S.K.: 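Next up is a structure, given as structure tokens.
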Amino acid sequence: MAGSGSPLRVGVLALQGDVREHVRVLTGLGAEATPVRRASELTGVDGLVIPGGESTVIDKLSRGFGLAEPIRDARRRGMPMFGTCAGLILLADRIVDGISGQETFGGLDVTVRRNAFGSQLDSFETDLDVPVVGPEPVHAVFIRAPLVAETGPGATPLAALGDGTVVAVEQGAVMGTSFHPEVTGESRFHRYFLEKVADAAG
Amino acid sequence: MTETSSPSTVGSSRVKRGLAEMLKGGVIMDVVTAEQARIAEDAGAVAVMALERVPADIRAQGGVARMSDPDLIEAIVAEVSIPVMAKARIGHFVEAQVLQALDVDYIDESEVLSPADYVNHIDKWSFTVPFVCGATNLGEALRRINEGAAMIRSKGEAGTGDVSEATKHIRTIGAEIRALSAMSKDELYVAAKELQAPYELVAEVAERGALPVVLFTAGGVATPADAALMMQLGADGVFVGSGIFKSGEPERRAAAIVKATTFFDDPAVIADASRGLGEAMVGINVADLPAPHRLAERGW
């Protein structure tokens, strides 16, 4: 992360979901985190976090309030984006088990399966090895989580469960996790993301 | 990349509270049929509450209100992909066991149903499924959290379409939290005694300036402006019971309440969302309800 100059400005898509938790982690890392609910608010940020929440709701509101296309444009122009859980779904190029008409912003060459582990009774926490953020395991919380059912050639898996299920991916400046690093005091994913934001901001 | 084979844990506090955290900024809608559940999901509900009768009908028809028929709950679970909640009677841990066996995502131990136990609430720690419980004040909220509730909703007065009790309860909880935050450490012991809540939870709330779990509001929300009012008063999200499917145009009203909840601080969006919604639910003024018919007084 940039050690000098003005802080990096990172937007957190604030239509619905665990916005507060992401803002807390980003702020703790020295970034200036601002909620984004309108297209105009997107122009002032160097990167965008898409939080956990209900992907169908975030999708609908982002289209209803004219935010979906500007997000796609910003991503195509190279704005770094990081999605957790619902955010991973929204950054996937393809989804299965979405609701009728559900769309995504895209950016990750993956097929994501929504609610892949089952109901809330199947939500779980576990330790994961994620070498890209460091040798210490990541304590990962999966809540009605999606998984990466298929990884295309453009995307790189970052972590998998014991059965090989991919649960974290990146593709250039875009990254996504099935789990919620923002709710466990884990800051290494956000730090890794801020490095991408710093690179893109030049 | 390497693969991980660590043991995994289900039903932890972190996982239970986590789902509620993901619902923040959203609207949870009461539905009584699979068709209504579909309408709710399409309108942008963040979850649905599956029940046999909405509170307005429970109020009108009277009698004992119980857990819904498993067939109905399963039909709703099958219809939608968003989380499904269902209500158990206060203290009725067997209804809760049944709901958990039906694979619902959250149980509401609810005063809208007839209590099954006038002394004890359900021991919610003993379940894998998370619980949401109602509260009219901070002490009640903390007692429920102490019993294992992973989410709190302020009660309001369900089935009335009158938002005044919801306002009172969310304001009360907020004011009591602010009061705790202003106290010195040695005052918290007496505060815990007065709140009739465990000292550890009281100290945690004082430190955080917030409940340790997500706080939604419920009971009388009928319009987009009602929902935004609750959000401006500090709610993390909104339950809408009778307000949607007892109104003239449920689809439009549901979508409008979702918009107003997200843009709760933007009067222009709320104004736009409020246009042309048809008849709101008729409603009952809470002041006209004799005390024995107030649901919020169930639970303690």
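All values derive from a computational prediction rather than experimental measurement.
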S.K.: At a 4.5 Å cut-off on heavy atoms, which part of A:Ala14 comes close to chain B: side chain, backbone, both, or neither?
M.R.: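 Just the backbone, heavy atoms under 4.5 Å.
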S.K.: Among side-chain atoms of B:Thr262 and A:Arg37, is any donor-acceptor pair under 3.5 angstrom?
M.R.: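 B:Thr262 vs A:Arg37: no donor-acceptor pair found between side chains.
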S.K.: So does A:Glu136 have more than 12 non-hydrogen atoms from other groups sitting under 6.0 Å from CD?
M.R.: no
S.K.: Would you find more than 12 non-hydrogen atoms of other residues, nucleotides or ligands less than 6.0 Å from A:Lys60 atom NZ?
M.R.: yes
S.K.: Using a cut-off of 6.0 Å, state whether more than 12 heavy atoms not belonging to A:Glu69 lie near its atom CD.
M.R.: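 Buried by this count: over 12 neighbours within 6.0 Å.
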S.K.: Could you pull out the closest heavy-atom pair between A:Arg144 and B:Ile82, with the gap in Å?
M.R.: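 Closest heavy-atom pair between A:Arg144 and B:Ile82: NH2-C, 3.4 Å.
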S.K.: What part of B:Val269 lies closer than 4.5 angstrom to a heavy atom of chain A: side chain, backbone, both or neither?
M.R.: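 Just the side chain, heavy atoms under 4.5 Å.
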S.K.: Heavy-atom pairs under 4.5 Å with chain A are the metric here; pick the option from B:Val104, B:Val27, B:Val10, B:Val15 that has the most.
M.R.: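 Greatest number of close heavy-atom pairs with chain A: B:Val15.
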S.K.: Count the heavy atoms of every other residue, nucleotide or ligand shown that sit under 6.0 Å from CZ of B:Phe93, and state whether that count exceeds 12.
M.R.: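 Atom CZ in B:Phe93 is not crowded, with 12 or fewer foreign heavy atoms closer than 6.0 Å.
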S.K.: Please determine, among B:Asp105, B:Val258, B:Val129, the option with the most heavy-atom pairs under 4.5 Å with chain A.
M.R.: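 Greatest number of close heavy-atom pairs with chain A: B:Asp105.
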S.K.: Looking at every heavy atom in both B:Lys24 and A:Arg20, which two are closest together, and how far apart are they?
M.R.: CD-NH2, 3.6 Å
S.K.: Side chain from CB out, backbone as N, CA, C, O: work out which of these in B:Phe263 comes under 4.5 Å of a heavy atom of chain A, or both, or neither.
M.R.: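 Contact with chain A involves both backbone and side-chain atoms of B:Phe263.
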S.K.: For the interface with chain B, which of A:Val19, A:Val57, A:Asp59 has the highest count of heavy-atom pairs at distances below 4.5 Å?
M.R.: A:Val57
S.K.: Against A:His180, only a single residue in B:Glu21, B:Arg14, B:Met22 fulfils side chain to side chain contact (heavy atoms under 4.5 Å, CB included); can you say which?
M.R.: B:Met22
S.K.: Compute whether any side-chain donor of one residue and acceptor of the other, for B:Ser12 and A:Glu125, lie under 3.5 angstrom apart.
M.R.: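 B:Ser12 vs A:Glu125: donor-acceptor pair found between side chains.
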S.K.: Assess, by modelled atom type and distance only, whether the side chains of B:Asp103 and A:Ser119 contain a donor and an acceptor separated by less than 3.5 Å.
M.R.: yes
S.K.: For A:Val183, is it the side chain, the backbone, both, or neither that has a heavy atom closer than 4.5 Å to a heavy atom of chain B?
M.R.: both
S.K.: Specify which of A:Ser100, A:Gly101, A:Gly53, A:Gly64 makes the most heavy-atom pairs with chain B at under 4.5 Å.
M.R.: A:Gly53
S.K.: Name the option with the most non-hydrogen atom pairs under 4.5 Å to chain A; the candidates are B:Gly11, B:Gly44, B:Ala47, B:Ser81.
M.R.: B:Ser81
S.K.: Side chain, backbone, both or neither: which part of A:Glu182 has an atom under 4.5 Å from a heavy atom of chain B?
M.R.: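 Side chain only.
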S.K.: Relative to chain A, which segment of B:Ala43 carries a heavy atom at a distance below 4.5 Å: side chain, backbone, both, or neither?
M.R.: backbone
S.K.: For each of A:Thr184, A:Leu15, A:Leu121, tally heavy-atom pairs with chain B at distances under 4.5 Å, and name the one with the top tally.
M.R.: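 Looking at each option in turn, the highest pair count goes to A:Leu121.
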S.K.: If every non-hydrogen atom of B:Val46 is compared with every non-hydrogen atom of A:Gln16, which pair is closest and at what distance?
M.R.: CG2-NE2, 3.4 Å
S.K.: Would you give the length of the straight line joining atom CZ of B:Arg38 to atom CD1 of A:Ile99, rounded to the nearest 0.5 angstrom?
M.R.: 6.5 Å
S.K.: Hey, does A:Gln120 have a side-chain heavy atom less than 4.5 Å from the side chain of B:Thr128?
M.R.: no
S.K.: Is the count of non-hydrogen atoms from other residues, nucleotides or ligands lying under 6.0 Å from A:Arg75 atom CZ greater than 12?
M.R.: yes
S.K.: Rounded to the nearest 0.5 Å, what's the gap from CZ on A:Arg38 to CG on B:Asp266? Could you check?
M.R.: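 Here the interatomic distance stands at 4.5 Å.
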S.K.: May I ask you to check whether over 12 heavy atoms, not counting those of B:Gln232, lie within 6.0 Å of atom CD?
M.R.: yes
S.K.: Could you check which of B:Ala45, B:Ser8, B:Gly25 has the highest count of heavy-atom pairs closer than 4.5 Å to chain A?
M.R.: B:Ser8
S.K.: Examine whether an atom of B:Ala255 lies under 4.5 Å from a heavy atom of chain A, and if so say whether it belongs to the side chain, the backbone or both; otherwise answer neither.
M.R.: neither
